[in-house]
Number of protein chains: 2
Amino acid sequence: MEQHAATGTGAPSTLWHRTRQLASREILETALRLFTEQGYDETTIAQIAREAGVSQRTLFRYFGTKEDLLGGDQDRFRQVLTDTIGGQPADADVWDVLRAGVAAVLALHDSHEQARERFRLLHSTASLRAGWLEKRLGFQEDLLPLVEPRLDAAAGSTTPRARAVIATAFTCLDVASMTWVADDGAGDIMDLYDACLAAVRG
Amino acid sequence: MEQHAATGTGAPSTLWHRTRQLASREILETALRLFTEQGYDETTIAQIAREAGVSQRTLFRYFGTKEDLLGGDQDRFRQVLTDTIGGQPADADVWDVLRAGVAAVLALHDSHEQARERFRLLHSTASLRAGWLEKRLGFQEDLLPLVEPRLDAAAGSTTPRARAVIATAFTCLDVASMTWVADDGAGDIMDLYDACLAAVRG
DNA sequence: GTCAGATTGGCAGCGACTGCCAAGTAACGA
DNA sequence: TCGTTACTTGGCAGTCGCTGCCAATCTGAC
């Protein structure tokens with residue numbers, strides 16, 4: 001039970017589960033607040049645990065790593081991504097398919113402000129960036145079987161080409177979000193995404 | 001003096017420097033051997049220091065982090081990259097310019113086998129991958145001022161477009177090296193790079 | 001030979017993270 | 001209502017990467 005129960009499918013809603021969810025939210029909010037106030041690296045697990053009113057040991061049971069405190073629900077991200085991309089018409093263009101996936105995960109943020117703060121922390125903290133990039137690699141591999149069949153098999157091995165295409169899409173998302181944060185959240189991220197992709201595929 | 005002196009430019013060649021270089025090589029070789037034998041995560045700094053005959057403290061003075069023990073000389077990488085790209089003709093195509101940079105840094109490995117082993121470790125170890133990706137981001141930012149002037153300023157802000165283009169090149173390098181390792185070092189990495197880029201820019 | 005400056009190793013400590021064990025508490029049956 | 005059971009919690013010690021500090025040692029120059 002490393003993950004906080006997904007809200008939606010027949011929640012058992014016993015007192016236990018409700019308490020767990022409450023504690024989970026409390027920890028998450030405390031963490032985001034402290035990260036925002038004093039920076040990610042400057043905030044220790046001990047401090048988050050103290051202010052959230054739980055022990056370090058318990059905090060690590062809810063969230064396996066410090067990064068998870070900012071990353072949100074990684075499984076949900078993965079699922080939305082694969083569901084969206086897997087649900088695209090079989091004859092759709094690969095780039096349109098990936099674009100739909102990117103748009104879907106962007107819609108996962110609770111609010112404009114939350115998105116901006118997360119992206120801001122992400123792009124300004126080395127350790128977080130590294131962690132995100134590593135998770136990103138995992139997502140890219142998940143997408144591989146969904147994207148490969150959409151490539152022309154006659155043009156040689158599809159695996160490296162699919163990897164390159166997928167990674168490029170994520171790269172454009174990263175550059176877009178970085179630019180978006182630098183512009184203080186003005187404009188639409190997807191427009192920036194399109195601009196980046198156009199620059200690459202020009 | 002965090003960095004082992006570059007061999008080449010008028011080495012002072014005092015006993016000190018020679019001893020330092022020797023110790024440096026000894027540590028580096030011990031580390032690579034242990035990483036190869038038992039894996040990166042399974043090898044502790046204590047073990048490397050013990051087998052290399054130095055204290056942990058000294059090891060950390062030579063190499064600031066565990067990753068540096070595999071990554072080789074990061075400053076050299078950066079310099080070769082920027083020199084090569086900066087030295088390309090002003091009217092050359094951006095993609096050709098970046099291709100030249102990629103080829104130059106690939107030539108930095110001592111041997112085919114060393115390259116393969118490094119890439120193998122890199123692509124099979126999560127912590128190393130994350131570290132590389134983070135360093136990569138740094139290199140990409142270094143390249144920004146060299147690439148931006150080569151883009152059409154009339155088509156809007158060049159910064160995000162340059163970032164996207166540079167990151168795509170590195171992405172193709174990563175996918176190419178991954179594929180190369182999977183193929184057990186058969187073929188030429190640059191061919192794989194070209195194939196990846198073609199898939200993206202198709 | 002001696003002195004200044006650099007290098008080295010040991011030690012204590014920090015922060016993320018884990019395993020283990022005892023104490024506490026919700027849920028369920030008798 | 002009272003256990004009994006199953007799960008959660010917190011504390012403690014320990015690992016590993018990494019850093020600061022200090023004393024011992026060594027090198028090169030005078």
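Worth saying up front: this structure is predicted, and the values here are computed from it rather than measured. Proteins come first, then strands; the chains are lettered A, B, ... in the order of their sequence lines, and each starts at number 1.
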**Message:** I want to check a possible cation-pi pair here: B:Lys66 against B:Tyr40, using under 6.0 Å from ring centre and within 45° of the ring axis as the test.
**Reply:** yes
Which whole-number value in Å describes the distance from [X] [atom1] to [N] [atom2]?
{"X": "A:Gln38", "N": "C:dG15", "atom1": "CD", "atom2": "P", "result": "12 Å"}
{"X": "B:Tyr40", "N": "D:dG17", "atom1": "OH", "atom2": "C1'", "result": "9 Å"}
{"X": "B:Ile45", "N": "C:dG10", "atom1": "CD1", "atom2": "P", "result": "16 Å"}
{"X": "A:Gln56", "N": "D:dG14", "atom1": "CD", "atom2": "C1'", "result": "14 Å"}
{"X": "A:Gln47", "N": "C:dG15", "atom1": "CD", "atom2": "C1'", "result": "13 Å"}
{"X": "B:Asp41", "N": "C:dC17", "atom1": "CG", "atom2": "P", "result": "14 Å"}
{"X": "A:Phe60", "N": "D:dT9", "atom1": "CZ", "atom2": "P", "result": "15 Å"}
{"X": "A:Arg61", "N": "C:dT18", "atom1": "CZ", "atom2": "P", "result": "11 Å"}

**Prompt:** Would you say D:dT9 has OP1 or OP2 under 4.0 Å from some side-chain N or O of A:Tyr62?
**Reply:** yes
**Prompt:** Does a nitrogen or oxygen in the side chain of A:Thr58 sit under 4.0 Å from OP1 or OP2 of D:dT9?
**Reply:** no
**Asked** Does a side-chain N-to-carboxylate-O contact under 4.0 Å join A:Arg116 and A:Glu113?
**Response** no
**Asked** Can you pull the side-chain hydrogen bond (donor to acceptor under 3.5 Å, both in side chains) pairs that have at least one residue in residues 188-202 of chain B, sequence neighbours excluded?
**Response** B:Arg99-B:Asp194
**Prompt:** Of all the choices, C:dA16, D:dG11, C:dG9, which nucleotide is nearest to the side chain of A:Thr44 once you look at every atom?
**Reply:** C:dA16
**Request:** Would you mind telling me which of C:dG9, D:dC18, C:dA16 lies closest to the side-chain atoms of B:Arg57?
**Result:** C:dG9
**Asked** For B:Ser127, which contact category applies under a 4.0 Å heavy-atom criterion: base, sugar-phosphate, or nothing?
**Response** nothing
**Prompt:** Is the closest side-chain donor-acceptor distance between A:Ser55 and A:Thr58 under 3.5 Å?
**Reply:** yes
